[in-house]
**Student:** 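Input: one structure, supplied below.
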Amino acid sequence: QALELGVPTMQPGEVSFFLAAFPYGYGRPGSRRCARREPDVPPEAPLLFEVTLLEVRDDPDPQPLPPAVRLRLGAQRRERGNFHFSRGDFAAALRSYRLALSALDGPAAAPPGPQEEEELREQRVKCLNNCAAVEMKLQRADEALAACEAALRISPDNGRALLRRGQV
């Protein structure tokens, strides 16, 4: 969150240091990176970032991506949304889920195979269900219902979407 707030204040070529209090970093719980090479971040740790802004792009045209890359980007962005959701930052979670959907729905460099097409559908349904959960937390029933309906158009028997639609 510190970077999301700080980077837009920068100019191209600028080098900035951001000292982020724990609510703007990994929060109270910190972060454990067991399978990755990055170090653990202890609970309530402040973070220091050094950022160099290389360039600014205004609404770049989405580049056609292979299905495997679209799946990877979608999963990464959905996981980031899950992280924000678990911290109670519902606006950031919703942004991440929408970015995941845009990656999954983006232009394809090649048509997906049957297995990739099924994975893309499953990921879209997960993201739409997560969007519905966030919209419910934000008490926006119409938006939650729209997300449920979109998930059900892809997967008519999806239990989570049916449950959330019933809750709305």
Side-chain angles (χ1 to χ4, degrees), residues 1-5 7-8 22-38 40-41 43 56-168:
Q1 201 173 15
L3 295 176
E4 291 172 2
L5 294 170
V7 170
F22 73 87
Y24 297 97
Y26 285 96
R28 286 199 191 284
S31 176
R32 297 200 55 115
R33 305 276 185 173
C34 301
R36 297 187 184 153
R37 295 180 187 208
E38 296 109 28
D40 290 348
V41 177
V56 177
R57 298 180 187 169
D58 294 326
D59 295 326
D61 292 330
Q63 298 298 313
L65 300 173
V69 174
R70 291 171 47 210
L71 282 164
R72 184 175 46 79
L73 284 174
Q76 288 173 343
R77 292 171 178 174
R78 186 174 54 81
E79 287 171 14
R80 183 169 173 88
N82 293 346
F83 171 77
H84 289 304
F85 188 91
S86 70
R87 293 179 59 206
D89 188 349
F90 301 122
L94 188 58
R95 279 193 306 274
S96 293
Y97 295 141
R98 287 180 177 162
L99 284 171
L101 284 167
S102 69
L104 294 167
D105 293 334
Q115 183 178 355
E116 290 171 324
E117 185 60 46
E118 180 59 29
E119 288 179 46
L120 285 165
R121 274 195 298 275
E122 288 176 16
Q123 290 295 325
R124 285 183 190 106
V125 170
K126 287 179 182 180
C127 288
L128 289 164
N129 278 328
N130 291 354
C131 285
V134 169
E135 297 290 11
M136 289 170 65
K137 290 283 189 184
L138 296 172
Q139 299 181 345
R140 299 194 303 217
D142 290 342
E143 290 86 347
L145 186 59
C148 292
E149 295 297 332
L152 291 169
R153 279 193 295 278
I154 298 168
S155 177
D157 297 328
N158 185 269
R160 197 171 291 233
L162 290 167
L163 172 69
R164 290 208 173 108
R165 183 176 66 178
Q167 290 172 330
V168 172

**Student:** Taking side chain to side chain donor-acceptor pair (under 3.5 Å) as the test, write out the residues that go with Arg80, two or more places apart.
**Tutor:** Glu4
**Student:** Give me the atom names and distance for the closest heavy-atom approach of Leu104 to Leu71.
**Tutor:**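 That would be CD2-CA, 4.2 Å.
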**Student:** For the atom pair CG (Asn158) and CG (Asn129), what is the distance rounded to the nearest 0.5 Å?
**Tutor:** 5.0 Å
**Student:** Please enumerate all residues that pass side chain to side chain donor-acceptor pair (under 3.5 Å) together with Glu118, with sequence neighbours excluded.
**Tutor:**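 Here the qualifying residues are Arg121.
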**Student:** Residues in side chain to side chain donor-acceptor pair (under 3.5 Å) with Asp105, at least two apart?
**Tutor:**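 Counting only residues at least two positions away or on another chain, Asp105 forms a side chain to side chain donor-acceptor pair (under 3.5 Å) with Arg124.
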**Student:** Shortest non-hydrogen contact from Ala103 to Leu73?
**Tutor:** CB-CB, 3.9 Å
**Student:** When rounded to the nearest 0.5 angstrom, what distance separates CZ in Arg77 from OG in Ser102?
**Tutor:**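 Arg77 CZ to Ser102 OG: 5.5 Å, rounded to 0.5 Å.
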**Student:** Mind checking ring-ring contact (aromatic ring centres under 6.0 Å, His included) for Phe22 and listing every partner two or more places apart, or none if nothing turns up?
**Tutor:**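 If we apply the ring-ring contact (aromatic ring centres under 6.0 Å, His included) test to Phe22, skipping adjacent residues, there are no hits.
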**Student:** For Arg87 and Gly25, which heavy atoms make the closest approach, and how far apart are they?
**Tutor:**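 Here Arg87 and Gly25 meet closest at NH1-O, 3.3 Å.
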**Student:** For Gln123, check side chain to side chain donor-acceptor pair (under 3.5 Å) against everything at least two apart and list the hits.
**Tutor:** Arg78
**Student:** At their closest point, which heavy atom of Ser96 faces which heavy atom of His84, and how far apart are they?
**Tutor:**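 Minimum heavy-atom contact is OG-CD2, 3.6 Å.
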**Student:** Without placing hydrogens or testing angles, list every side-chain donor-acceptor pair under 3.5 Å for residues 139-150, not counting sequence neighbours.
**Tutor:**
from   : atom 1 : to     : atom 2 : distance (Å)
Arg140 : NE     : Glu135 : OE1    : 2.7
Arg140 : NH2    : Glu135 : OE1    : 2.9
Glu149 : OE2    : Arg165 : NH1    : 3.4

**Student:** Please enumerate all residues that pass side chain to side chain contact (heavy atoms under 4.5 Å, CB included) together with Pro112, with sequence neighbours excluded.
**Tutor:**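 Result, side chain to side chain contact (heavy atoms under 4.5 Å, CB included) vs Pro112: Pro67, Glu116, Glu117, Leu120.
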**Student:** Just by modelled atom types, is the Lys126 backbone N or O under 3.5 Å from a matching donor or acceptor in the Tyr97 side chain?
**Tutor:**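 Absent.
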**Student:** CZ of Arg160: more than 12 outside heavy atoms within 6.0 angstrom?
**Tutor:**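 Count not over threshold, so no.
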**Student:** Applying ring-ring contact (aromatic ring centres under 6.0 Å, His included), can you list everything that pairs with Tyr24, at least two apart in sequence or on another chain?
**Tutor:**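 Residues passing ring-ring contact (aromatic ring centres under 6.0 Å, His included) with Tyr24: none at all.
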**Student:** Who passes side chain to side chain contact (heavy atoms under 4.5 Å, CB included) against Pro23, sequence neighbours left out?
**Tutor:** Ala21
**Student:** Under the ring-ring contact (aromatic ring centres under 6.0 Å, His included) definition, can you give me all pairs with a residue in residues 149-168, not counting sequence neighbours?
**Tutor:**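 Counting only pairs at least two positions apart or across chains, no ring-ring contact (aromatic ring centres under 6.0 Å, His included) contact touches residues 149-168.
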**Student:** Can you name the nearest heavy-atom pair linking Ala100 to Gly74, along with the distance?
**Tutor:** CB-O, 3.4 Å
**Student:** State, with a plain yes or no, whether a side-chain heavy atom of Phe85 is found less than 4.5 Å away from one of Asn130.
**Tutor:**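 Not in contact.
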**Student:** ring-ring contact (aromatic ring centres under 6.0 Å, His included): which pairs involve residues 125-164, sequence neighbours left out?
**Tutor:** none
**Student:** Which residue pairs pass the side chain to side chain donor-acceptor pair (under 3.5 Å) test when at least one of the two sits in residues 64-75, sequence neighbours left out?
**Tutor:**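 As it turns out, there is no side chain to side chain donor-acceptor pair (under 3.5 Å) pair with a partner in residues 64-75 once direct neighbours are skipped.
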